[in-house]
Amino acid sequence: MKEIKGFSKLSKKAKLEWLIDAYFDGDQSILPRLQSYWHIESDIQKLHDEFIENTITNYFLPLGIAPNFKINDSVYCIPMAIEESSVVAAAAKSAAFWKDRGGFKANVISSTKVGHVHFTWSGDGNQLESWFNQHSDIFIEGTNQLTANMRSRGGGIKKISILNKTHLESDYYQLEAEFDTVDAMGANFINSCLEEFSKILELGLQSTPEQGKLDIIMCILSNYTPNCIVKVEVSCPVEELNVDPTITPHEFAEKFIRAINIANIEPYRATTHNKGIMNGIDAVVLATGNDFRAVEACAHTYASRSGQYKSLTNAEVSANGIFRFWIELPIAVGTVGGLTQLHPLVKFCHRLLNNPNAEDLMMIIASAGLAQNFGAIRSLVTTGIQKGHMKMHLLNILNQLEATEQEKKAIQTHFENKVVTHQAVVDLFCEIRNVNNIEKLNK
Ligand code: MEV
């Protein structure tokens, strides 16, 4: 494997030439393949090139639509960007099921974001705190210019405090700040304020060097936002849980609740359970141009807040025979700034969702997560997951084999009432092509 200095300085063409030479033995078929994903006939490619560094082409994911999501008083077609088969189908199926049973009832409980100046202070903690309490105004005043725009939109700094963490790490303190970033995800805003706070802290404590030494370690927002919480619930009388002819509504409710209890007591199951929820959440976060890594990291920290990693969803049958199923989690997303005004497909997705504000989007995303989890548990406790999954996966296998449309149709018909396995598909495919094995096929 070859190394290079100054790769970022090369033109796109030169980058590609070098890559093909160094990593693909000069295989000239690579270039047209990568170029076929360029968006050359408009200025969209330039836009994409400038989103990140060293762009060589675009990476496509399918964008699917899950219709019929009744959330509070609106019905949405939810856009989902995801590569995994069955996810969009499961979301759509759950949405249709719950639309006829009152839909998703969603509300945002809180929307506070948080960030920290992490620093060490060698002096007395009480003296530091009393200095801060006397001077907290200078932090607000010193960031007035930075916060003006956000304040004009109804947001800004909500609270700042000093936290003593010396019981965890010697001399370690935090300046913790809470923010309302309204419809922006707000990462740049928060980080800029924090960096300004650190300068104000340094300047302020300079005048008291005899009392201690200050060392700023770092200034950064936290992607853990336990006070930026959305809750979504579906409910119906148990009798209306007629999901599958093989199971009574009461048995289904019992098994469903048992499945969630298992996720609450067993981290092996909780991880997969929450992964399924994130199938729905990430796909909408991605389609709406938000940072899915931040949302993922936050969700998993929240799922561990009790000290054990648990389910993000809950279910119960209440005393009056009503089945309730809900999700409550932090989701920090924005509907202004970032990619939202830049990426043409992100703009399309926002328009499809009727240009939601950040709180609307939190409710839409959480509903997709809840729907996904309902779909997964419904399959798991009834037919099993593989039946639906492998049918969808069949198409992926056939595409991998480069089957023709005619071959696809014949093979899909064959597997209509049969178990799909990779080997069975390959065998039938070879039979249709009249070859003995797949190696021969590839030649
Ligand atoms: C697959 O991507 C997700 C599921 O495994 C989720 C679950 O098991 O709950 C089906």
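Read the numbers this way: they start at 1 and go in the same order the structure lists the ligands and their atoms. Index from 1, following the sequence.
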Original post:
Which of these passes side chain to side chain donor-acceptor pair (under 3.5 Å) with Tyr309: Asn264, Thr301, Asn274?
Top reply: Asn274

Subject >> For ligand 1, the residues whose heavy atoms come within less than 4.0 Å (ordered by chain, then number) >> reply: Glu84, Arg269, Thr272, His273, Lys275, Gly276, Asn279, Ala376, Leu380, Ile385

Subject >> Pair Lys46 + Glu50: basic N to acidic O under 4.0 Å >> reply: yes

Original post:
Do Arg351 and Phe348 meet the cation-pi criteria used here (NZ or CZ under 6.0 Å from the six-membered ring centre, within 45° of the axis)?
Top reply: no

Subject >> Arg293 bridged to Glu296 by N-O distance under 4.0 Å >> reply: no

**OP:** Could you tell me whether Lys13 and Glu17 have a side-chain N and a carboxylate O separated by less than 4.0 Å?
**Re:** yes

Subject >> His350 and Pro356, any side-chain heavy atoms less than 4.5 Å apart >> reply: yes

